[in-house]
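Letters A, B, ... are given to chains in the order of the sequence lines, protein chains preceding strands, and every chain is numbered from 1.
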Number of protein chains: 2
Amino acid sequence: MAKTKFYQHYCPVARALEVIGEKWSLVIVRDLLLRGPQRFSDLLRSEGGITPKWLTLRLRDLEAADIVERDSEAGRREVWYRLTDKGRDLAPVVESLAIWGIEHALPPPLPGEPLDPAQPTNAVAIVLNRRHVKLPHAATYVVSFAADRIYAIRFDGERWSVQRGDDEGDVRVETSPQEWVSFLLAPPEERRERAESMRIEGEPDAVREFVATVGWRRAPAQAPALQTVHA
Amino acid sequence: MAKTKFYQHYCPVARALEVIGEKWSLVIVRDLLLRGPQRFSDLLRSEGGITPKWLTLRLRDLEAADIVERDSEAGRREVWYRLTDKGRDLAPVVESLAIWGIEHALPPPLPGEPLDPAQPTNAVAIVLNRRHVKLPHAATYVVSFAADRIYAIRFDGERWSVQRGDDEGDVRVETSPQEWVSFLLAPPEERRERAESMRIEGEPDAVREFVATVGWRRAPAQAPALQTVHA
DNA sequence: CTGAATCCGACACGATACTG
DNA sequence: CAGTATCGTGTCGGATTCAG
């Protein structure tokens, strides 16, 4: 969506889309938001199927727009890319896209589809924060897919976040990406039975809380009022 | 961004972008959110420079994605397009794009640029709601550009909204789109002097409140804490 | 006059291969 | 590791045409 004849009309939405509306731009921003600073080849790998040519172009565009900063030290081969403040301010855009994607555009994964649990797991924190889900206490839920693929879903008393590499938690789950996503996709009343097939350790109360809290779907008919108040 | 090889990877953001990432899609949604149901030619006019061919294609795509509904009665010439619930749920996406656009991608309008005050005025409500700006009482500010281009910026005690066609308000402003946008773009401390050149009627207290409240820019260094908490 | 369809050219993008 | 180069395809802009 870029250089060729802009949207015309003086509108902040159109202006924003002129800057980050091209294909891949927001996916790159999402990656840098979630994973922190990344190298060229990290990005090449973590985005699905972008070609080096387009990654180069998009990174140059994002750099020119002051959304991404390039970090190349002399005498070091790697180049690191990280978000500027302006880029970090795109977090609400990425998060509202994630929410809408979860609620309206996320069918179960296809059988052969490559399935990286990083994005789905991070989406849990986004969903719980946006819905203002709070626990009466801090909590850490550790989800482990392999020795080097461990995520900690954490509630600090205020907000939810997801980090990597943690090992201690009130609940510890061992599962596969497929099982995990199927658990997250299940409506709340079905999550208990989906949880059966995962290996879960922890105090029974903590496990109950985990199953009741962590997931993408709302309880149906709990609050039918949509928040679509808009002029 | 469409049919040709999707983003791969199971990620709600990527999925959402596969559905509404093409050029014009979100601009069409923005228009239907702001102006309500529209006819084909209304959309053709209110978006800047989309061609009928692409408007047709995008509307078909949005219809297939269950974001837009087509309303064609037999024996009536016009076809009306309106958002479904799924489409209305895109409001947070459009609003966060508007916020980012205002804060990071909105230079003053170019001299000859066509300037429709509808989008800028609506953006005021989005900004004030997102920043949780509240007044101790309800209020209505009427901005008039011409006899048939009158907008009411209204605070109902909870949220801000913008409607058309109102004529009664605590404050009444008569101005041009250029003057109005230049007022909105000014930092809060400069708004008073920008307001001098507009014709403003109303109780002095109400006018002071209007000038102090309505605008796009934050007071500088008021709250330096950015809300960019994110994993 | 509204709601499109058609043809054509420009360029954004995808796939593969190759280089410093 | 971090890109370029080349080539083909798809998406989009612009103008024109057409039917109800």
Side-chain angles (χ1 to χ4, degrees), chain A residues 1-9 14 17-28 31-32 35 37-65 68-82 114, chain B residues 1-9 14 17-28 31-32 35 37-65 68-82 114:
Chain A
M1 316 188 172
K3 303 296 120 56
T4 58
K5 290 302 159 37
F6 289 5
Y7 283 99
Q8 337 234 27
H9 277 78
L17 287 171
E18 283 166 13
V19 180
I20 39 78
E22 298 98 353
K23 192 163 180 179
W24 298 114
S25 296
L26 277 174
V27 179
I28 293 170
D31 245 54
L32 293 171
R35 311 166 92 102
Q38 299 275 284
R39 291 173 301 182
F40 186 87
S41 26
D42 297 329
L43 292 170
L44 206 54
R45 216 171 311 111
S46 54
E47 264 111 272
I50 191 175
T51 63
K53 167 187 172 180
W54 285 107
L55 181 54
T56 304
L57 266 178
R58 282 299 90 94
L59 285 171
R60 295 286 170 278
D61 288 351
L62 291 170
E63 218 186 323
V68 156
E69 272 173 353
R70 187 190 155 91
D71 212 352
S72 75
E73 260 173 49
R76 179 163 49 74
R77 292 173 54 103
E78 312 101 18
V79 180
W80 290 82
Y81 293 92
R82 57 184 155 81
Chain B
M1 313 185 177
K3 304 297 120 52
T4 58
K5 289 304 160 34
F6 289 3
Y7 281 99
Q8 336 231 29
H9 277 78
L17 286 171
E18 283 166 12
V19 180
I20 40 77
E22 298 99 351
K23 192 162 180 180
W24 298 112
S25 296
L26 277 174
V27 179
I28 293 170
D31 246 52
L32 294 171
R35 310 166 92 101
Q38 298 277 284
R39 290 173 302 178
F40 186 85
S41 26
D42 297 329
L43 292 169
L44 206 54
R45 215 171 312 110
S46 55
E47 264 111 272
I50 192 174
T51 62
K53 165 188 173 179
W54 286 108
L55 181 54
T56 304
L57 266 177
R58 281 300 91 91
L59 286 171
R60 295 285 169 278
D61 287 351
L62 292 171
E63 217 185 323
V68 155
E69 272 173 354
R70 187 189 157 89
D71 212 353
S72 74
E73 260 173 50
R76 179 163 47 74
R77 294 164 55 103
E78 313 100 14
V79 181
W80 289 80
Y81 293 92
R82 58 184 154 80

Spacing of Arg70(B) atom CZ and Arg82(B) atom CZ [to the nearest 0.5 Å]: 12.5 Å

Residue pair Leu62(B), Tyr81(B): steps toward the side chain to side chain contact (heavy atoms under 4.5 Å, CB included) verdict: CA-CA 10 Å; Leu62(B) 292 171; Tyr81(B) 293 92; over 6 Å; no

Any Lys23(B) side-chain nitrogen or oxygen under 4.0 Å from OP1 or OP2 of dG13(D): yes

Salt bridge (charged side-chain N to carboxylate O under 4.0 Å, His left out) involving Asp31(A) - partner list, sequence neighbours excluded: none

Atom pair distance, as rounded to whole Å: CG in Leu57(B) and P in dG10(D): 15 Å

Sequence-aligned protein contact record of nucleotides 3-8 of chain C, with B where the base is within under 4.0 Å of a protein heavy atom and S where only the sugar-phosphate is: SBSBBB

Closest approach of Leu43(B) to Leu32(B) (non-hydrogen atoms, all atoms of both residues): CD2-CD2, 4.1 Å

Closest listed nucleotide, where the reference is the side chain of Trp24(A) and the choices are dG14(D), dC12(D), dC13(C): dC13(C)

Atom pair CH2 (Trp24(B)) and OG1 (Thr51(B)), whose distance is rounded to the nearest 0.5 Å: 8.5 Å

For Arg39(A), side chain to side chain contact (heavy atoms under 4.5 Å, CB included) partners two or more places apart: Asp42(A), Glu78(A), Trp80(A)

Side chain to side chain contact (heavy atoms under 4.5 Å, CB included) partners for Ser41(A), two or more places apart: Arg45(A)

Distance in angstrom units between Leu55(A) CG and dT16(C) C1', rounded: 16 Å

Whole-Å gap separating C1' (dC12(D)) and CD (Glu22(B)): 12 Å

Value in whole Å for how far the P atom of dC7(D) lies from CH2 of Trp54(A): 17 Å

Rounded interatomic separation in angstrom, taking CD1 from Ile50(A) and C1' from dA12(C): 13 Å

Integer-rounded Å distance: dT11(D) P and Ile20(B) CD1: 16 Å

Contacts of Leu57(B) that satisfy side chain to side chain contact (heavy atoms under 4.5 Å, CB included) - sequence neighbours left out: Trp54(B)

Distance, rounded to the nearest Å, where Leu43(A) contributes CG and dC1(D) contributes P: 13 Å

d(CG, Leu44(A); C1', dG14(C)) in whole Å: 13 Å

Results of side chain to side chain donor-acceptor pair (under 3.5 Å) for Glu63(A) - residues two or more places apart only: none

Under-4.0 Å side-chain N/O to phosphate OP1/OP2 contact, Arg58(A) with dA12(C): no

Axis bend over the full length of the helix from dC1(C)-dG20(D) to dG20(C)-dC1(D), computed from five pairs that close each end, to 10 degrees: 30°

